[in-house]
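Data first, discussion second: the structure below is written as structure tokens.
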Amino acid sequence: MSDWLFKSEPETFGLDDLAARPGQTEPWDGVRNYQARNLLRDQMRIGDRILFYHSNCELPGIVGIAEVASAPRPDPTAFDPEARYFDPKSDPDQPRWYLVDVRYTRHLKRTIPLAELKAFAQGALDGMPLVRKGNRLSIMPVSPEQWEFILGLE
DNA sequence: GCCAACGTTGGC
DNA sequence: GCCAACGTTGGC
């Protein structure tokens, strides 16, 4: 069992959107980064916990908790020429991109801002990609210690 | 809106 | 296989 952090732009699809979905569950499509893909495809299991992070917004930070609600499976939007994330090089017989379903768990009592987390970049969150400059990884692993520490800030 | 950081692409 | 050019991410 592993823990993860997922980034999402709230203007596109935020935690409120997830909570409003039928079953509070949504396929996490559109991941088009190989490092994120490998984590998603090879390591995610049903029940894994997710820190839900809002990026590219007024107050970037962790806003809630979700969970992995399906096994990894090929991302169908990669095969759809109409889809924003269509990838003509993804072959249905050998899919390049994968997704999992994500289910809402809860909102945090407050947003834990990135700026606050960065204060621990040389401490409890040492090595976490999120607090490293220029990081763009949209899915990253969270150690049990990091998970406990971050929620301790709530 | 700016721009630094980064991943990907493609020419050679 | 190198690396410049390009497009994207995402904080500020």
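Sequence lines set the chain letters: A, B, ... in the order given, protein chains first and strands last, and positions in each chain run from 1. Note that the coordinates shown come from a computational prediction; the quantities given were computed from them, not determined experimentally. All heavy atoms count here, side chains included; hydrogens, waters and symmetry mates do not.
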Which donor-acceptor pairs under 3.5 Å do the side chains of residues 108-121 of chain A make with protein atoms, sequence neighbours left out?
| unit_1 | atom_1 | unit_2 | atom_2 | d |
| --- | --- | --- | --- | --- |
| Arg110(A) | NE | Leu153(A) | O | 3.3 |
| Arg110(A) | NH1 | Glu116(A) | OE1 | 3.1 |
| Arg110(A) | NH2 | Glu116(A) | OE1 | 3.4 |
| Arg110(A) | NH2 | Glu116(A) | OE2 | 2.8 |
| Arg110(A) | NH2 | Leu153(A) | O | 2.6 |

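- Under the salt bridge (charged side-chain N to carboxylate O under 4.0 Å, His left out) criterion, Arg21(A) pairs with Glu26(A), not counting sequence neighbours.
- Nearer the 5' end of DNA chain B, as judged by each residue's closest nucleotide, is the contact made by Asn56(A), out of Gly134(A) and Asn56(A).
- Nearest-nucleotide positions on DNA chain B place Asn135(A) closer to the 5' end than the other of Arg96(A) and Asn135(A).
- Of the residues Asp42(A), Val100(A), Leu39(A), the one that meets the side-chain contact (heavy atoms from CB on, under 4.5 Å) test with Pro72(A) is Val100(A).
- Residues passing the salt bridge (charged side-chain N to carboxylate O under 4.0 Å, His left out) test with Asp126(A), sequence neighbours excluded: none.
- Residues forming a side-chain contact (heavy atoms from CB on, under 4.5 Å) with Pro27(A) (at least two apart in sequence, or on another chain): Arg73(A), Leu99(A), Asp101(A).
- Residues satisfying the salt bridge (charged side-chain N to carboxylate O under 4.0 Å, His left out) test with Arg41(A), not counting sequence neighbours, are none.
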Pairs under 3.5 angstrom only: tabulate donor-acceptor contacts from the side chains of residues 54-62 of chain A to other protein residues two or more places apart or in another chain.
| unit_1 | atom_1 | unit_2 | atom_2 | d |
| --- | --- | --- | --- | --- |
| His54(A) | NE2 | Leu15(A) | N | 3.1 |
| Asn56(A) | ND2 | Glu9(A) | OE2 | 3.4 |

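- With sequence neighbours excluded, the residues satisfying salt bridge (charged side-chain N to carboxylate O under 4.0 Å, His left out) with Asp3(A) are Arg49(A).
- Note that the first and last nucleotides of DNA chain C, 5' to 3', having any atom under 4.0 angstrom from a heavy atom of chain A are dG7(C) to dC12(C).
- Listed by residue number, the members of residues 113-123 of chain A with any heavy atom below 4.0 angstrom from DNA chain C are Leu114(A), Lys118(A).
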